[in-house]
Protein chains: 2
Amino acid sequence: MTQPKRYLNIVSEMRDMIREQNIRPGDRIPSERELAEKLAVGRSTIREALRSLELLGLIETRRGEGTFLTDPGKHRLVELLATFILQDTKTLEDIRETMCIHETAAIQAICSSEAWKLPVWQSLRERLDGHEFIREDFVRELMVLSGNRLSLKIWFLLKQYGGNPYDGEASLEEKALLKNILLAIEQQDGQTAIREFKTWSSVLIKGENA
Amino acid sequence: MTQPKRYLNIVSEMRDMIREQNIRPGDRIPSERELAEKLAVGRSTIREALRSLELLGLIETRRGEGTFLTDPGKHRLVELLATFILQDTKTLEDIRETMCIHETAAIQAICSSEAWKLPVWQSLRERLDGHEFIREDFVRELMVLSGNRLSLKIWFLLKQYGGNPYDGEASLEEKALLKNILLAIEQQDGQTAIREFKTWSSVLIKGENA
DNA sequence: TTTTGAAAGTGGTCTGACCACTAATCCTTC
DNA sequence: GAAGGATTAGTGGTCAGACCACTTTCAAAA
C-alpha cells in the first residue's frame with residue numbers, strides 16, 4: 001500500500017489553518033519553521049507544499065520577510081483559482097456555455113479570415129457528403145481553423161470535463177444544416193452561421209437529456 | 001538586488017531539456033538525482049520545481065519507478081496549463097485573443113440579460129465618476145455580471161499568466177469611453193458595446209508594447 | 001525451468017547547516 | 001532628545017547527507 005503524498009495533505013491542512021485562523025489575503029502566514037513544527041513534518045515538506053501554492057499564485061513569498069496570502073485587491077482570486085484547480089464546482093451548464101463561447105468565436109474568426117480557401121476546407125465539405133460523418137469532427141475542424149491554438153486547447157479541455165455533446169454520427173438532416181453553415185461562413189455571414197450553429201447545438205444538448 | 005528564484009529557472013530549464021531530448025508524454029524523465037547533478041543544483045531545489053509541476057498535473061511521480069510526463073491524452077488540462085506556465089512567447093497573442101473572446105462573450109451575455117438593472121451596475125457607473133478608477137475593475141465586473149463563473153475563472157487564469165493589459169488607472173478620455181460602453185449595454189446594443197470595448201482594449205495593448 | 005531474494009535505483013522525508021535578505025533594535029554621535 | 005548607523009534576530013533559499021518505502025532487475029538457488 002503506497003502512502004499518500006505528505007505534501008498534498010499539507011496543502012489541505014494549510015487551507016484549513018488559513019480558514020480557522022481567519023487569515024485574510026495580504027496577511028502573513030506562519031513561517032516555514034513554525035509550520036513544520038506545528039504540523040510535525042520536516043521543513044522541506046512544508047516548502048514543497050508552499051512552492052506548489054506559489055506557482056499556482058495562491059501565496060507570495062518574500063525573502064527575509066515571510067510568506068503572504070496573495071492579495072488580489074478586493075476580488076477573491078484565491079478562492080476562484082483554488083476551486084478551479086481543485087475542480088470543486090463545475091456546473092455543466094457553465095461548461096456547455098463556455099464551449100459555445102469558444103465555438104462561436106471560432107466561427108467568427110474564420111469568417112474574418114480566409115481559412116475557408118484552404119484545401120482542408122474543401123476536404124471538410126467533401127466528407128460531409130460521405131455516409132459516415134462524426135459530428136465532433138465538424139466542430140473540431142472549425143476550432144482548428146480558427147487559428148487560436150489556446151482556444152482550441154481550452155475547448156478540448158471543456159469537452160472532456162463537460163461530456164461531449166457531439167458524440168455520434170450526423171443524420172442526413174444535420175448534414176444539410178452543417179452544409180448551410182459552411183456556406184454562410186464562405187459568404188462571410190457570421191451571424192447566420194452562428195445562428196444555424198446554435199440551432200444545431202441546442203438540439204443536440206436537448207436530445208442528450210432526453 | 002534580490003536573486004530570482006532558482007526553482008523557477010529549473011522549470012524553464014527542464015522544459016528545454018524535455019524539448020531537446022524529445023521526451024514525449026508518458027516517457028520517463030531523468031531522476032531527481034540526475035537532474036540535480038546535470039543542472040548543478042541541490043536535489044531539494046529540483047524537488048520544489050517538480051512538486052509545482054506535479055500539482056499542476058504536468059508530471060506524474062511514481063515512488064520507486066520515476067517521474068513521467070503526464071499523458072495529455074486523458075488530461076487536456078495538462079497542455080493547457082503547460083501553455084501558461086511555460087510562457088511560450090508565441091502564445092501571448094493567443095492568450096490575449098482568448099481573453100478578448102471571453103470578454104466580448106460576457107458583454108453579449110449581459111446585453112441579453114437584465115444584469116444591468118442590478119444595484120452593482122449602478123455602483124459601477126458611480127465609481128466611473130470618481131477620480132480613481134482602476135481599469136481592471138471595469139472588465140472584472142463585466143465578467144462577474146455575465147453570470148458564467150467558469151468563464152470568469154478562465155479569464156482570471158489568462159490574466160494572471162498572460163500579463164494584465166488592464167493595469168493602472170483609467171484616464172478621463174477612457175472613462176468617457178467606458179461610460180459609452182455601459183450605455184450601449186443598457187440599450188442592449190451588443191454590437192456597439194463590443195466595438196467600443198475592442199477599441200479601448202486594443203489601444204491598451206498597443207500602449208503596452210510601446 | 002521456475003522461484004526467490006538480494007541489489008540497485010527511484011521517489012519521500014528529515015535534519016542540520018549555511019547564505020541572502022529584511023526589519024526591528026540598540027547604540028553612538030550630534 | 002534626535003538622527004543616523006551598526007548589530008541582531010528572524011525569514012526564505014539552498015545544499016548535502018542520511019534514512020525509509022517502494023519497484024524493477026537479475027542472478028542464484030531450488
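All chains are named by letter (A, B, ...) in the order of the sequence lines, taking the proteins before the strands, and each is independently numbered beginning at 1. Keep in mind that what you see is a predicted model, and the values were worked out from it rather than measured.
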May I ask you to verify if any side-chain N or O of [X] is less than 4.0 angstrom from the OP1 or OP2 atom of [N]?
{"X": "A:T61", "N": "D:dG13", "value": "yes"}
{"X": "A:T67", "N": "D:dT11", "value": "no"}
{"X": "A:R51", "N": "D:dG13", "value": "yes"}
{"X": "A:R28", "N": "D:dT11", "value": "yes"}
{"X": "A:R63", "N": "C:dT22", "value": "no"}
{"X": "A:T45", "N": "C:dC14", "value": "yes"}

Please pick, from [options], the nucleotide with the shortest atom-to-atom distance to any side-chain atom of [X].
{"X": "B:S31", "options": "C:dT13, D:dG12, C:dT10", "result": "C:dT10"}
{"X": "A:R33", "options": "C:dC14, D:dT14, D:dT11", "result": "D:dT11"}
{"X": "B:R43", "options": "D:dC15, C:dG11, D:dG12", "result": "C:dG11"}

Once you apply a heavy-atom cut-off of 4.0 Å, does A:G42 come out as touching a base, just sugar-phosphate, or nothing?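 A:G42: backbone/sugar contact only, no base atoms under 4.0 Å.
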
Determine the contact category for B:S44: base if any of its heavy atoms lies under 4.0 Å from a base atom, sugar-phosphate if only primed atoms, P, OP1 or OP2 are that close, otherwise nothing.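 Counting heavy atoms under 4.0 Å across all strands, the contact made by B:S44 includes a base.
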
A:R62 with A:E60: basic N within carboxylate O range, under 4.0 Å: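 A:E60 and A:R62: salt-bridged.
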
Is any NZ, NE, NH1 or NH2 atom of the basic residue among A:E169 and A:R135 found under 4.0 Å from an Asp or Glu carboxylate oxygen of the other?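 Looking at A:R135 together with A:E169, the answer is no, because their closest N to O distance does not fall below 4.0 Å.
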
Measure [atom1]/[X] against [atom2]/[N] and give the value in whole Å, please.
{"X": "A:R47", "N": "C:dC18", "atom1": "CZ", "atom2": "P", "value": "18 Å"}
{"X": "A:E48", "N": "C:dG11", "atom1": "CD", "atom2": "P", "value": "12 Å"}
{"X": "B:I29", "N": "C:dT10", "atom1": "CD1", "atom2": "P", "value": "12 Å"}
{"X": "B:I46", "N": "C:dT13", "atom1": "CD1", "atom2": "P", "value": "17 Å"}
{"X": "B:R62", "N": "C:dG12", "atom1": "CZ", "atom2": "C1'", "value": "16 Å"}
{"X": "A:L35", "N": "D:dG10", "atom1": "CG", "atom2": "C1'", "value": "15 Å"}
{"X": "A:E54", "N": "D:dG13", "atom1": "CD", "atom2": "P", "value": "7 Å"}
{"X": "B:E37", "N": "C:dT10", "atom1": "CD", "atom2": "P", "value": "11 Å"}

When you check the side-chain N and O atoms of B:T192 and B:D189, is any donor under 3.5 Å from an acceptor?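 Yes, side-chain donor-acceptor contact under 3.5 Å.
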
Determine whether B:L50 and B:T61 satisfy the following criterion, side chain to side chain contact (heavy atoms under 4.5 Å, CB included), listing intermediate values before the conclusion. CA-CA 9 Å; B:L50 290 179; B:T61 58; 5.6 Å; no

Which heavy atom of B:K175 sits nearest a heavy atom of B:H131, and at what distance?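 Smallest interatomic distance, heavy atoms only, reads NZ-CA, 3.7 Å.
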
